[in-house]
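Every chain is numbered from 1, with letters handed out A, B, ... down the list of sequences.
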Amino acid sequence: MTMARTLARRLAHGLVVLFATVTLAFFLNEVVPSDPARMVAGAQARAEDVEKVRRELGTNKPLAQRYARFLRRLVHVASTKAAPDHATCAALGPLHLDLGKSYQKRRPVVDILAERAPRTIALAFTAVLVQALLGTALGLFAAKHRRTLKDRVTVGSSLVATSAPTFMTGLLLQLFFAKILGVLPLDGFGASFSDHVASIVLPSLTLGLYGAALYTRISRDEMVTELGRDYVRTAKAKGAGPTAVMRHAFRNVLVPLVTLVGLDLGALVSGAAVTETLFRWPGLGSLAVEALLDRDGPVLMGTVLVTCLGVVLSSIFVDLSVHWLDPRARNEEPARGS
Amino acid sequence: MKRRAPSYSVSRVPHVLVAGALALFVSLFVPASLSGCQSGLDAPLPAASALDAPPKRGGILHLSSFGNIRGLDPANIADGLVSTLHQLLFAGLLDFDERGEVIPRLAERYETSQDGRSYRFFLRPGVLFHDGTELRADDVKRSIERALHPTAPNPFASFYAAIRGYDTFSKGKSEELAGVVVEGTYVVRIDLVEPDSTFLALFAMQVLRPVCKSGGRRYTDDFVPCGAGPFKLKEYVRGEQVTFARHEGYFEPGKPYLDGIVFTFGVNMSAARYKFQNGDLDTLRDLTAGDLLAFQSDPRWAPYGAYDRERQIMGEAMNTELPPFDNVEVRRAVVAAIDRSHYAKVKPATLRIANQPIPPGTPGFDPDLKGQEYDLPAALEHMKRAGYPYDPATKTGGYPHIIPYYTYRQGVSEYTAQVFQQEVAKIGIRLELRLVSYPTYLAQIGRRKKVPVGPWGWSEDYPDALDFLESLFHSKGIAEDDASNVSFYSSAELDRLVDDAKHELDPKRKKSLVSRAVEKILEDAPFAFAYSVRFYDIHQPYVRGVKAHPVWARNVSFVWLDRQKDARSAAFLRSPSPERTRGLASR
Amino acid sequence: MSEARRRLLANVQVRIGAGLVAVLVVFSVVAPWISSHDAVTSHFESAATRGGPAGPSLAFPLGADRLYRDQLVRLAEGGRTSLVIGVLATALATLLGTLVGVLSGYYEGARGLRIPWLVVATGLALFFAVVYGPANVTSALTSAGGLPIVITLGLALGLALAAKARRGPEVGLDTFLMRAVDVGLAFPFLLLVMALASAFERTSATTILLTLGFSGWLGIARVVRAKTIGIRNQEYVLAARALGQRTPKILLIHILPNVLGPVVVLSTLSVAQMIVAESAMSYLGVGISPPTPTWGYMLFEGQETYAAAPWLLVAPFVAILMSVLGFNVLGEGLREALDPRKDRG
């Protein structure tokens, strides 16, 4: 299959995955015994006021009707955004995307997502970058010095960082870099681009330290394996230096690493609620948890949709890069018919 | 022909690995615990001038909270945090003074009719909204109707059901609220269907406060908050920060003193403390248990902190419709079995024991009342009378079945649940704690005949003892779902006492009705009162004019800053950034 | 067998890893026994100071938790639950993940089931009718639970026809499994947990274990699949196929041992993640109900008092770290020792 055809096929599958996930989430969300209207009105609201809110939100309608309405609104074609029933839409040309209005925040969900998603994506990419680069660098360092003290200390420290929950790492980083040294902002987003860059360092480092261990361990082990293979011995015999050998072997280590990157990107797009809260970096993670605990259905479905999109795209990215990285996997069609 | 699979090489001296890991951990944690502990409090930042110096104008006050708000519309209040901000933006016809008494504010004065069914308010002429227009009587009527209209998501609407015509108005059968009458440019009258001793306190709350004409006649989600309070909205970045600037047209001359106020949301407790110590935040309220003790025991800091008044009551609600709590003797046994000092120990500087339905900060609290008390022999006696004798020495007898107790993880409730479990075990009642999510807990505890016993409590909606008695124990609070009386306690005598107190305008007679109602509740024991939560507020010495307010937490409207040097004000005034008021202007 | 055992016992890593784990297990089992305290009784008087729970002392070696209970005994009791949950949930996730990953990777690109265009078109038409159709069509189809019936019927019909179809989109085993993994990864874990919580009125360690196990395999499957794709065209696998070896045998002998590397890494790290994830679950009402302690729960409790009593946070952290290190080293050693083709020369 050509690359374009593969891509088209994967995108079509992606749509099916999207639909299945959203549908599943919509119905599962209804199973939880709880009342969105009560969460809006508050614990001390009187029954009659709760009932008023329930009517206002429309959560008193039958489930199947709400589901059909949800899908109908989700993607539709309309010529204008001016009409009152399109007030909560995001328009992409004639195509409208509408997730309704948040029960709690009383704003269009698409607006909330548009505010939150860029930050989450920025944090997800920097965090994945940090953990992949840091982890792989440590892993390669350990592989180069395999079976020495350096190897063990490197691997050991990465395990410490991954055993500590992110709030603990985050608090320590805040204390050290922001309070004691005072070189980085404690929390928040900042007002200018340079502020944003300074502000993203600690949260991405927190997530990066937590995630790096996996990359360290896998890149080290895979590298050590590769270094034991025939072609490396041959290269060495022909007089290739250790760095050249490592560079050659690294290509084969990349496949599992890229898979991990894809997994982590997908997972981080759904947000890292604890880290976001700790560093006052409001993104999709804290939004999803809030929505879940507030029983804010429309917002929850919005976060599910964005998360799913992230997972689907990163999954496609991984598959394509695995094919591209591994010529053997690309050229043949093994096991066909077996 | 098989090929040998590659083998993995592995490290062989893992104790080095362990040692390295622990060394790294220790090196990270030791400085943390050194400066993270009590010893590390910085000195307070002193004020520039003497204590008796007159107030200074200018400066920006910085506040923060761990929490967040849903929005700033007074017709849609659902969190405790927002009242601090509403107090800045919206002034009311009535307000509370520092002793908790109702006083006129935007109204010059008010009169009550002989029969107590109607109130006439005379507005102060020349009061300006933030948009520069004058407050008139029709603005008052419009704002009330806007907040109580059935399309407004106002969870407090039914509190005002005593206003004449509320019934038809709230059902959408009438476009106008008949009980609010404009009698002149500056005169407005409110009629009630029956005398109500709680009405003035209710009306002094923030829900019905006047909003600018841009608020319209009906609630909409896109209202940019605008009122007649001492500060106007400058910028609101949802979920992050709200900024206020002085309302130059505020009716009290010379006030407020501050140029502006910045309130940041979602700041975690340790970050807030660092910022406070650096002088980037001027007051601090969300304190970890350790920090709270540190500030309180440091003589340099102690003068600058104070507790709010307790205006909420927490405890264990026993469902009087489900066994074994349908038996009054079992309820009395539980009430006597719990040692309330153990509850307070869950968070020593924050929780305070409670033993009666009305918290100490609410008018109607009786400090001399004996209330519910720990008395283990009496509790065992009650168990015997209930038919479940228990012998603590042999641990035999007691109630034969395990009782489910529903709780959730938020605040201290999961810990008090475990205290309760141990306390009632002493009289032979075995609880099985069921941890559910908060929304599930809320749905289940308010459902009839679902939860035999669970944690419940009440925070003051308006400063009057009847709020507690009516919500928690009046049979009006019973519903199939969303009950507020989660003991499902129904007593004709109590209903009558509470209703009479509500209609009684004579304070003395009302007081006696209230104390008779309290006695009745203590006798029937549908609820084991246990503790209330205290909030501690601390500020830097240079924040002046701070006075604890009995109703409004963090009442900062009229404080002033007396800082030695402050570079932040200039930057604040230079930054015109209305476009960052996201989510407000766009739609 | 005896050869394997000899190698197992000779392996330093196995001994040290097993030693670490054994220390934790013995501590968990023995400490509550020999202590005069238990894990659930509060010592409101003897374990209290003016400001709250007492710090480490002779009677309470790790201090008291915020309910004045012996932290050391709770740590031990917590270990019983947490270790069982962490290890068994990881085992479940690893088994499932490896199985799916190996199958998926091995059959990547293989032929699958064809879904006839007719079925696809009918399905799409129905979908559009329900969602965008006129109000009466929508309400007819959605009322009285019509929608689930339509979907089920459609699926059944589609599968029946698909067995014989020649034209239409093809769904192979790999595609199906991997897209299912996508759905799983995209699905909000916390929502799943919350829904499960309402299904069980009371959660036991078993339900938590199953929840974590059945949701933790997705990442492992992806990584194993990638690794399998890399291996299946290696000469020794091709040779085995050429020799006519049966597929299960190929998978077991040639593929599985070679994907074990990342599996061991992932699963040893997952023990810690499972232990911590348990505490997150209790937020949504599926945690083990108090007063039963677990390490993850203690970690969260410690977070609230970390400034005043850092040892309450450090104790469960060190316990989790020790288990991670222990399992990590043990896993490495086991793989080395049990690898049948290990060159011991």
Q: Out of B:G457, B:A443, B:P439, B:S270, which one racks up the most heavy-atom pairs below 4.5 Å with chain A?
A: B:P439
Q: I need the residue from A:D35, A:T277, A:V40 with the largest number of non-hydrogen atom pairs under 4.5 Å to chain B.
A: A:V40
Q: Can you name the residues that form a salt bridge (charged side-chain N to carboxylate O under 4.0 Å, His left out) with B:R448, not counting sequence neighbours?
A: B:E321, B:E480
Q: Taking every heavy-atom pair that is under 4.5 Å apart, which of B:W456, B:F156, B:F159 has the most such pairs with chain A?
A: B:F159
Q: Taking all heavy atoms of B:P225 and all of B:L72, pick out the closest pair and write down the distance.
A: CG-CB, 3.4 Å
Q: Are A:R106 and A:E56 ion-paired here, with the side-chain N under 4.0 Å from a carboxylate O?
A: yes
Q: Under a 4.5 Å heavy-atom cut-off, does chain B meet the side chain of A:R295, its backbone, both or neither?
A: side chain
Q: At a heavy-atom separation under 4.5 Å, does A:Q104 approach chain B through its side chain, its backbone, both, or neither?
A: both
Q: Do the side chains of A:R54 and B:D481 get close enough for a salt bridge, i.e. N-O under 4.0 angstrom?
A: no
Q: Considering only heavy atoms, which portion of A:L186 lies under 4.5 Å from any heavy atom of chain B: side chain, backbone, both, or neither?
A: side chain
Q: Taking every non-hydrogen pair under 4.5 Å, which of A:R55, A:Q44, A:E226, A:M39 racks up the most with chain B?
A: A:Q44
Q: Check whether A:K105 gets within reach of chain B through its side chain, its backbone, both or neither, counting any heavy atom under 4.5 Å.
A: backbone
Q: With chain A as the partner, which of B:P155, B:G71, B:S484, B:A483 has the greatest number of non-hydrogen pairs under 4.5 Å?
A: B:P155
Q: Is it the backbone or the side chain of A:P282 that comes under 4.5 Å from a heavy atom of chain B, or both, or neither?
A: side chain
Q: Do you know which of A:G42, A:A41, A:A143 has the most heavy-atom pairs with chain B at a distance under 4.5 angstrom?
A: A:A41
Q: In a check of side chain to side chain contact (heavy atoms under 4.5 Å, CB included) between A:F177 and each of A:I180, A:L173, A:L175, which one passes?
A: A:L173
Q: Please confirm whether the backbone N or O of B:D461 pairs with a side-chain atom of B:D467, one donor and one acceptor, at under 3.5 Å?
A: yes
Q: Over 60° means perpendicular and under 30° means parallel, so tell me whether B:Y236 and B:F265 are parallel, tilted or perpendicular.
A: perpendicular
